[in-house]
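Structure first, then comments.
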Amino acid sequence: MSSSSLPGVDASASPPTAKRSVGDLARAAVSGWLGTALEFMDFQLYSLAAALVFSQIFFAGGDAAMAVVLAMATYGVGYVARPVGAFFFARIGDKIGRKQVLFYTILLMGAATTLIGVLPTYEQVGILAPILLVILRLAQGFGAGAEISGAGVMLAEYAPDNRRGIVASLVALGTNCGTLFASGIWAILLAVMMESDVIAWGWRIPFIGSAVIMLFALWVRFNLKESPVFEERTDVVDGKALSRAELKKVATETNDIRTLESLERKPLKAVLVSFFLRFGQAGNSGIVQTYLISFITITLAVSKEVGPEVVIVSSLLGFVTIPVVGWLGDRFGRRRMYIVMSALSLVLIVPTLLLINSREVGWIFVGYALIHNISVLGLASMENISIPEIFGARNRYTLTAVVREIAAIIATGIGPVIAAAWVAAATGSIVPIMVLMGVFTASALVAALVAPEWTGRDLTDPRAAM
């Protein structure tokens, strides 16, 4: 087959190098940070609203206890939609580019959150109210499924080779910003308004107000240039990826060894390593950020104010931890840093949880901040660049998004549930939490140990790193 058999394809030419300025990189970084911040703000706004007021607003027609269960169930609905959205949007992103997809994911995610703020209540429209709420939660999760993965991929493909870790760490910083912002808004509402006013109309303010951040993020992404790595891919012609059959013909004709190898070799090891790196971090996140707060408040019977306060303090410390770990990954290699951080986490699990188990407020802050920053935030900083870096150029977005979402759902779904049941069976012992965190952390450690170093590899390479 001649090179002219595929319109627009010159089999003898290499794609031109896509130049990006410092300003372009800055816009990409702000775009990734804003999208992730909005995603986590949206979910945190909803989780707090579900816990505080939604049982009375959208599920008020039946038993009060069942209303709380239903309100929390709608929170989980958003997570069910995430892997579906990840697969749908990420495949499009690998086919036509990251920019368009990231514009639509943040629009869908942000619009769904804003519309929650104008929904009618159960008292006004009856059963239609919770139905509309579930629909918007599905839309929110559908968009969010490809958001954080897309932001990580975009920053990985924008950043200079030796600065990928610290640049991509902005995605992890966005999680802190969104969580703190949402928590702060709710804290202010509850402090300045009467509870009856919050239930009547005040709860709408943070949801409607989130539209401001969405509009700014949309403006930033509208003016964002496409990923330079996507434009430099050998299989991208006129802004669209060739089909597998078309690519194989061109690669065979031009003896493109890298592409032929990528088409013949399944990236099974890359998928498994990425899955367990994510599984370890997500599992620790579910235990530390979700269950451990409940353990402190209910099992240890510490004052209710302590749980939220330790999360805020530890998250603020994360603004130092996350970029520092990202920089260290650039300096010493991400595989090596995964091994160091996971091993350090294993060593710290028992002493930090014993500090928390002491019931002494000061030691609770110290123990929580250490284990949260090392086992959760530190690993998240490396994860956001490592998984995109491990996969090949052609399916990077799809594999990154699907692996991240499936691993997270399994880990965060089973972790807190097993912890709660095991602690109850052990009459309040903290040992089950230690064991579970040990299992999650060990999974990330083993994955890093069996993997070759992937830091700084050529991201236009269609082959996976392993």
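Atoms considered below: every heavy atom in the structure, side chains included; atoms not considered: hydrogens, waters and symmetry mates. When a residue number appears, it is its place in the shown sequence, counting from 1.
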Aromatic ring proximity, centroids under 6.0 angstrom, [Y] and [X]:
| X | Y | result |
| --- | --- | --- |
| Trp203 | Tyr46 | no |
| Tyr397 | Phe391 | no |
| Phe88 | Phe142 | yes |

Residues, nucleotides or ligands: over 12 heavy atoms within 6.0 Å of [X] [atom1]:
| X | atom1 | value |
| --- | --- | --- |
| Arg204 | CZ | yes |
| Trp422 | CH2 | yes |
| Trp186 | CH2 | yes |
| Tyr104 | OH | no |
| Phe207 | CZ | yes |

Can you tell whether the side chains of [X] and [Y] come within less than 4.0 Å, N to carboxylate O?
| X | Y | value |
| --- | --- | --- |
| Asp94 | Arg396 | no |
| Glu157 | Lys99 | no |
| Arg27 | Asp24 | yes |
| Glu405 | Arg82 | yes |
| Glu389 | Arg334 | yes |

Check: [Y] and [X] side chains under 4.5 Å, non-hydrogen atoms:
| X | Y | value |
| --- | --- | --- |
| Met466 | Ile390 | yes |
| Val118 | Leu115 | yes |
| Leu136 | Leu132 | no |
| Leu354 | Met434 | yes |
| Leu353 | Asn357 | no |
| Ile364 | Leu355 | no |
| Val236 | Glu231 | no |
| Pro267 | Leu399 | yes |

Query raised in the report: Taking it one step at a time, do Arg278 and Glu383 satisfy salt bridge (Lys or Arg N to Asp or Glu O under 4.0 Å)?
Result: CA-CA 7 Å; Arg278 172 61 172 158; Glu383 172 192 293; 3.0 Å; yes
Heavy-atom pair with the smallest gap, counting every atom of [X] and [Y]:
| X | Y | answer |
| --- | --- | --- |
| Gln289 | Leu377 | OE1-CD2, 4.3 Å |
| Arg98 | Gly93 | NH1-O, 3.0 Å |
| Leu224 | Ser31 | CD2-OG, 3.9 Å |
| Val423 | Ser429 | CG2-O, 3.6 Å |
| Ile293 | Gly307 | CD1-O, 3.8 Å |
| Leu379 | Ser342 | CD2-OG, 4.0 Å |

Which distance, rounded to the nearest 0.5 Å, do you find between the [atom1] of [X] and the [atom2] of [Y]?
| X | Y | atom1 | atom2 | result |
| --- | --- | --- | --- | --- |
| Arg394 | Leu242 | CZ | CG | 7.0 Å |
| Thr121 | Trp201 | OG1 | CH2 | 15.5 Å |
| Gln56 | Ile199 | CD | CD1 | 4.0 Å |
| Leu133 | Leu128 | CG | CG | 11.0 Å |
| Ile92 | Phe87 | CD1 | CZ | 10.5 Å |
| Phe103 | Leu218 | CZ | CG | 5.0 Å |

Keeping [X] on the side-chain end and [Y] on the backbone end, is there a donor-acceptor pair under 3.5 Å?
| X | Y | value |
| --- | --- | --- |
| Asp197 | Met193 | no |
| Ser381 | Ile322 | yes |
| Arg244 | Leu263 | yes |
| Arg20 | Ala159 | no |
| Thr175 | Ala172 | yes |
| Ser314 | Val310 | no |
| Lys95 | Ala241 | yes |
| Ser169 | Gly326 | no |
| Ser303 | Val306 | no |
| Ser285 | Gln281 | no |

Query raised in the report: Should Ile148 and Asn384 be marked as a side-chain contact (heavy atoms from CB on, under 4.5 Å) after you check the CA-CA gap, both sets of side-chain angles, and the distance that decides it?
Result: CA-CA 8 Å; Ile148 193 168; Asn384 285 311; 4.3 Å; yes
Query raised in the report: Between Thr36 and Glu147, is a side chain to side chain donor-acceptor pair (under 3.5 Å) present by the stated rule, with each step listed?
Result: CA-CA 7 Å; Thr36 307; Glu147 171 58 40; 4.9 Å; no
**Report entry** side chain to side chain contact (heavy atoms under 4.5 Å, CB included) partners of Phe319, counting only residues at least two apart
**Finding:**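 Phe319 satisfies side chain to side chain contact (heavy atoms under 4.5 Å, CB included) with Leu173, Asn176, Cys177, Leu180, Leu316 once adjacent residues are dropped.
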**Report entry** Asp238 vs Lys240, salt bridge (Lys or Arg N to Asp or Glu O under 4.0 Å): CA-CA, chis, key distance, verdict
**Finding:** CA-CA 6 Å; Asp238 296 328; Lys240 185 178 180 180; over 6 Å; no
Requested in this report: Verify side-chain contact (heavy atoms from CB on, under 4.5 Å) between Asn223 and Trp219, making sure each step is shown before the conclusion.
Outcome: CA-CA 7 Å; Asn223 292 283; Trp219 176 77; 3.4 Å; yes
**Report entry** Criterion side-chain contact (heavy atoms from CB on, under 4.5 Å) on Val30 and Leu170, from CA distance to verdict
**Finding:** CA-CA 8 Å; Val30 172; Leu170 290 171; over 6 Å; no
Query raised in the report: Would you call the rings of Phe295 and Tyr291 parallel, tilted or perpendicular if under 30° counts as parallel and over 60° as perpendicular?
Result: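 Geometry flag for Tyr291 against Phe295: tilted rings.
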Report task. Could you label the plane-to-plane angle of the Phe276 and Phe279 rings as parallel, tilted or perpendicular, counting under 30° as parallel and over 60° as perpendicular? Result ->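 Perpendicular, since the angle between the ring planes exceeds 60°.
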**Report entry** Option among Leu445, Ile374, Thr352 that satisfies the side chain to side chain contact (heavy atoms under 4.5 Å, CB included) test with Ser345
**Finding:**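 When Leu445, Ile374, Thr352 are each tested with Ser345, the side chain to side chain contact (heavy atoms under 4.5 Å, CB included) holds only for Ile374.
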Query raised in the report: Can you list the steps and then say if Leu459 with Arg164 is a side-chain contact (heavy atoms from CB on, under 4.5 Å)?
Result: CA-CA 11 Å; Leu459 294 187; Arg164 288 176 189 162; 3.5 Å; yes
